[in-house]
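Input: one structure, supplied below.
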Protein chains: 2
Amino acid sequence: MNDRAGDVLEHIDAEACRRFQVAAELAGQKWTAAVLLSLARGAGRFTEVRHTVSGISDRMLSARLRDLERQGLVVRQVTPSVPVQIRYELSESGWQLIRALAPLVDWGQRWMQDDPAADAR
Amino acid sequence: MNDRAGDVLEHIDAEACRRFQVAAELAGQKWTAAVLLSLARGAGRFTEVRHTVSGISDRMLSARLRDLERQGLVVRQVTPSVPVQIRYELSESGWQLIRALAPLVDWGQRWMQDDPAADAR
DNA sequence: CTGGATCCCTATCGATACTG
DNA sequence: CAGTATCGATAGGGATCCAG
C-alpha cells in the first residue's frame, strides 16, 4: 500500500457513486459477464452465445441480451432473410466496458479468496 | 473504437471469467459499493457509515460489513473500552479494489444511460 | 453504540412448454 | 432459429423489535 486512494476518490462523488452502483449491478447480474465475454470473443447468434455460455437457459439469455441492448451495450441486428438472421454484437460502450472491467479481473486474480458460496452458484 | 479488445481478452480465460463473475457480483451487490466508498472516505464507526450511506438499514449494513470482512476487504477492530468501540477500515485489498473499480466509475460517467428502473432502487 | 433475530414480501432464476 | 409464457422455488432485502 504505497499510495493513498485520494487520486481515485476525488473522482467519485455521490453521482458517480450512483452511476457506479448501477453499472456494477448490471455487470454483477448473473450471466451478464459471461454473455459479454462470449460476444467479445466472437459469438454473434443467439445459439452461438447459448452454446458458449454453458448452463444458461433460453430465458436468461434472452433477458440478459434485452437488458444489455436496452443499456446500449449490445446492438441487435436483424437481417431480413428467410429465416431471419439475428446477430448481436458489442457496441462501442460494450467494448469499453470490457476494458474497464479488466482491472477488476486482475484484482480478482490477485486478491480474491475462494468463496465457498460460489459453488452454490 | 480505435483498438480491438484483443489485448484485454487474452487475459480472460474461463478461470478469469469465473473470478470476474464473483468479483462483479461482490461489487454489484446492493450497498456494497456505497459502503466501500464510505469507508474509503474516512468513515470508521458503524454509525458513521450508516449516516453517510443514506437509506441503508442496520441489517443490511451489518450484513455487508460481514461479507466484506469475510472477503478480507475490510478489517474490523475492536477496542475494549466501555462501551466497546468498533472500527472498520479498508484492508490493502480493499483499497486495491477501489482502485480497480475506478475505470468502471469512469465508464459509468461516460457511457451509462439513465436507467428508469434505477429509481425504484 | 453495534448489531442479532424475526417476519414477510418481492425479485430473480430455473425448468418446462410453446410459437412465428 | 430465436425467442416468449407460465409456474414454482428460493434467496435477497426492508421493517421492526430486541440485546450485549
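We name chains A, B, ... by the order of the sequence lines, and we start the count at 1 in each one.
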Problem - Value rounded to 0.5 Å, distance of CG in A:Leu39 from OG1 in A:Thr52 - result: 8.0 Å

Handout entry: Euclidean distance, B:Arg99 CZ relative to B:Leu97 CG, rounded to 0.5 Å
Key = 12.0 Å

Handout entry: A:Ser93 and A:Ser91 side chains, donor-acceptor separation under 3.5 Å
Key = yes

Problem - Between C1' of D:dA2 and CD of A:Glu48, the distance in whole Å - result: 13 Å

Completion exercise
Separation of C:dG3 atom P from B:Phe46 atom CZ, nearest Å, is 6 Å

Exercise for the section: Side chain of B:Arg76 only, please: which of C:dG3, D:dC1, C:dT2 is the nearest? Expected result: C:dG3

Using a cutoff of under 3.5 Å, can you pull out all pairs of nitrogen or oxygen atoms linking the protein to nucleotides 15-19 of chain C, with atom names and distances?
unit_1	atom_1	unit_2	atom_2	d
C:dA15	N6	A:Arg59	NE	3.4

Handout entry: Five-pair end axes of the helix from C:dC1-D:dG20 to C:dG20-D:dC1 and the angle they enclose, rounded to 10°
Key = 50°

Exercise for the section: State whether a side-chain donor-acceptor pair under 3.5 Å links A:Gln29 with A:Glu25. Expected result: no

Exercise for the section: For D:dA2, take OP1 and OP2 only and decide whether either is under 4.0 Å from a side-chain N or O of A:Ser62. Expected result: no

Exercise for the section: Report which part of the nucleic acid B:Arg87 touches: base, sugar-phosphate, or nothing (heavy-atom distance under 4.0 Å, all strands). Expected result: nothing

Problem - Residue A:Trp31, side-chain heavy atoms: nucleotide from C:dG14, D:dT4, D:dC1 that is nearest - result: C:dG14

Completion exercise
note: A:Asp67, atom CG; C:dT12, atom C1'; distance rounded to Å ~ 12 Å

Handout entry: Test side chain to side chain donor-acceptor pair (under 3.5 Å) applied to A:Arg66 - qualifying residues, sequence neighbours left out
Key = A:Ser62

Handout entry: Donor-acceptor contact present, side-chain B:Gln71 to main-chain B:Asp67, <3.5 Å
Key = no

Exercise for the section: Among the candidates D:dA2, D:dG13, C:dG3, find the nucleotide nearest to the side-chain atoms of B:Met60. Expected result: D:dG13

Handout entry: Residue A:Gln29, side-chain atoms from C-beta onward, closest of C:dC13, C:dG3, D:dG14
Key = C:dC13

Problem - B:Met112 CE to A:Leu26 CG distance, which is reported to the nearest 0.5 Å - result: 8.5 Å

Practice task
Take B:Arg66 and B:Pro83, find for each the nucleotide of DNA chain C with the closest heavy atom, and name the residue whose nucleotide sits nearer the 5' end.
Solution key: B:Pro83

Problem - D:dG3 phosphate, OP1 or OP2, under 4.0 Å from A:Tyr88 side-chain N/O - result: yes

Problem - Euclidean distance, atom CG of residue B:Leu68 to atom P of C:dG3 [Å, nearest integer] - result: 13 Å

Practice task
Find the distance A:Lys30:NZ to D:dT10:P and express it as a whole number of Å.
Solution key: 14 Å

Completion exercise
Heavy atoms of A:Leu65 and A:Phe46 approach each other most closely as CD1-CD1, 3.9 Å

Exercise for the section: In whole angstrom, give the distance that lies between atom CZ of A:Arg64 and atom P of D:dT4. Expected result: 13 Å

Practice task
Take atom CD1 of B:Ile56 and atom P of D:dA15, then tell me their distance rounded to the nearest Å.
Solution key: 12 Å

Exercise for the section: Indicate yes or no: at least one non-hydrogen side-chain atom of A:Trp31 is less than 4.5 angstrom from one of A:Leu61. Expected result: no

Exercise for the section: Grab the CG-P distance between B:Leu65 and D:dG13 for me, whole Å please. Expected result: 14 Å

Exercise for the section: Say whether, by atom type as modelled, one donor and one acceptor occur between the side chain of B:Arg76 and the main chain of B:Arg87 under 3.5 angstrom. Expected result: no

